[in-house]
2 protein chains.
Amino acid sequence: MTMNVRTLCLGFLSTGEASGYEIKKGIEDGMFSHFIDASFGSIYPALTQLTAEGLLTVRAEEQTGKPDKKVYAITENGRKALARAISVLPAKDKFKSEFLFQMLLHQFITPDVMLAAIDKQLNDLRQDLARIAECRCSEQPHAGARFVADYGEAVLTASVRCLEEKRRELVRQTAAQAAE
Amino acid sequence: MTMNVRTLCLGFLSTGEASGYEIKKGIEDGMFSHFIDASFGSIYPALTQLTAEGLLTVRAEEQTGKPDKKVYAITENGRKALARAISVLPAKDKFKSEFLFQMLLHQFITPDVMLAAIDKQLNDLRQDLARIAECRCSEQPHAGARFVADYGEAVLTASVRCLEEKRRELVRQTAAQAAE
DNA sequence: TTGACACTATATCAGTTCGATATATATCGG
DNA sequence: CCGATATATATCGAACTGATATAGTGTCAA
């Protein structure tokens, strides 16, 4: 699967036309955000390239009260390229966590730093859960959206539960050591 | 948190000396693998740089039956730099999944491609679970290792359960449509 | 015995992506 | 009127991946 920013843009635009800015925001806030991210520095060049290849069309749109924008739309060739790119066995998921790195090397940090990290992590996870719930309400829930929402919710809920237990354990231990 | 390959190497070497090759293998097979990855192309330059800065020491070791290797060990300054790097609030977790991208855009793929993708994903998840169980047995389980193992196991188990249900649902639907 | 393959080991490099920054326009609150 | 925030596009250095090169050693079947 050729999973790069190009394919991501094609995927996003398969649901409707949008500008580079709107793609970035849409990826951050919508269903894509659970498992993908992309920066302006990769989106804008990708859109220019895809347009040059005839997989997208551009249209300059003047706006009142906002800067003008370039609205991109997917072409028939673009849809074919998208279908081709995602009809391959997917690569393995990639997960990067500074938090777990910190937890594994906990002997190098103080208990209060550790507790702060856990609380931050719990907060991040709960925000993600809230965003999924929001997507469920706002977007029309076709089968694909329901799939990724259910999957994301299952994973995040399990993470929160595990972390809450770990947190209780840590507080208990710290209190016990302070009592000595 | 300055979480880059440099910090990763310092973290790995905090548990004992190793060569660049051993670091790569250790990251792939051990506890680090659940939440981090790094390539030779980033590890080797990082080790050279860290050594030049006095955070590591090198020692050439001749081997019989294998090519010679450069064994790196962390210095006192290296431990300090590591402690400094991980005593900061961690950045948010990053999760990339081609699989979920495919599932979100399921209308562009055929049911058999979808089923193959789900089976591959289930297989990947189960392999990860097996690796965690293996780490639990082989490595001496200090608190940090138990933390990341429990966390990883909770997340992966939830993923597998969710996916198994989704798979059953899909098979049921496909059979129903074929019967029409 | 030789050729294919796999493992150990280090190194480099093109291509991709991130994160920061620059630039511009417009709205809104103080 | 100033500063903050939002919309919008673009660029660029730094970091990282994935592929490739190089080289020594072991194994195993044809």
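Predicted model only: the values in this text are computed from it and were never measured.
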K.L.:
Go through D:dT17, C:dA9, C:dC18 for me and flag the one nearest to the B:Lys94 side chain.
P.N.:
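In terms of side-chain proximity for B:Lys94, the closest of D:dT17, C:dA9, C:dC18 is C:dC18.
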K.L.:
Side chain of B:Gln63 only, heavy atoms from C-beta on: which candidate in C:dA9, D:dT9, D:dT17 is closest?
P.N.:
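The nucleotide sitting nearest to the side chain is C:dA9.
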K.L.:
Tell me what A:Ser39 touches on the nucleic acid: a base, only sugar-phosphate, or nothing, going by heavy atoms under 4.0 Å.
P.N.:
base
K.L.:
Looking only at the side chain of B:Pro45 (C-beta and beyond, no hydrogens), which of the listed nucleotides C:dT12, C:dA9, D:dT9 gets closest?
P.N.:
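In terms of side-chain proximity for B:Pro45, the closest of C:dT12, C:dA9, D:dT9 is C:dT12.
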K.L.:
Report the distance from atom CD1 of B:Ile27 to atom C1' of D:dT17, rounded to the nearest whole Å.
P.N.:
14 Å
K.L.:
Would you kindly give the OH-to-C1' distance between B:Tyr21 and C:dT10, to the nearest whole Å?
P.N.:
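After rounding, the gap between these two atoms is 11 Å.
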K.L.:
To the nearest Å, how far apart are A:Gln49 CD and C:dG15 P?
P.N.:
12 Å
K.L.:
For the pair made of CE in B:Met3 and C1' in C:dG19, what is the distance, rounded to whole Å?
P.N.:
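After rounding, the gap between these two atoms is 17 Å.
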K.L.:
For A:Ser42 and for A:Gly20, locate the closest nucleotide of DNA chain D by heavy-atom distance; then report the residue assigned to the nucleotide nearer the 5' terminus.
P.N.:
A:Gly20
K.L.:
When you check the gap from the basic side-chain N to the acidic O, do A:Arg59 and A:Glu61 get nearer than 4.0 Å?
P.N.:
yes
K.L.:
NA contact type, A:Lys24, heavy-atom cut-off 4.0 Å: base, sugar-phosphate, or nothing?
P.N.:
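Nothing: the residue A:Lys24, judged by heavy atoms under 4.0 Å, touches no strand.
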K.L.:
Where each residue is assigned the nucleotide of DNA chain C containing its nearest heavy atom, which of A:Asn4 and B:Val71 is assigned the position nearer the 5′ end?
P.N.:
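Result of the comparison: B:Val71.
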K.L.:
Out of D:dT9, C:dT10, C:dT16, which has the shortest distance to the side chain of B:Lys70?
P.N.:
C:dT10
K.L.:
With respect to the side chain of B:Lys96, which nucleotide from D:dT17, D:dA8, C:dC18 is positioned closest?
P.N.:
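Per side-chain heavy atoms of B:Lys96, the pick is C:dC18.
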K.L.:
Enter the distance from A:Ser159:OG to B:Tyr151:OH here, rounded to the nearest 0.5 Å.
P.N.:
4.0 Å
K.L.:
Evaluate the side-chain proximity of A:Asn77 to A:Glu53: yes if any heavy-atom separation is below 4.5 Å, no if none is.
P.N.:
no
K.L.:
Under a 3.5 Å distance rule, please check whether B:Lys24 uses its side chain to pair with a backbone N or O of B:Ala38 as donor and acceptor.
P.N.:
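A pair under 3.5 Å: yes.
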K.L.:
For the CD1 atom of A:Ile27 and the CG atom of A:Asp37, what is their distance to the nearest 0.5 Å?
P.N.:
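Here the interatomic distance stands at 7.5 Å.
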K.L.:
Using whole Å, what does the distance between atom P of nucleotide C:dA14 and atom CZ of B:Phe40 come to?
P.N.:
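Those two atoms, CZ and P, are 20 Å apart.
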K.L.:
To the nearest Å, how far apart are A:Tyr44 OH and C:dA20 C1'?
P.N.:
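It is 15 Å, rounded to the nearest whole Å.
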K.L.:
Specify the residue among B:Ser19 and A:Gly41 whose closest nucleotide of DNA chain C lies further upstream toward the 5′ end.
P.N.:
B:Ser19
K.L.:
Indicate, with a heavy-atom threshold strictly under 4.0 Å, whether B:Lys25 touches base, sugar-phosphate, or nothing.
P.N.:
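Touches nothing.
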K.L.:
What is the separation between atom NZ on A:Lys92 and atom P on D:dT17, rounded to the nearest whole Å?
P.N.:
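The answer, rounded to whole Å, is 14 Å.
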K.L.:
Can you check the B:Asp37 CG to C:dT16 C1' distance for me, whole Å?
P.N.:
16 Å
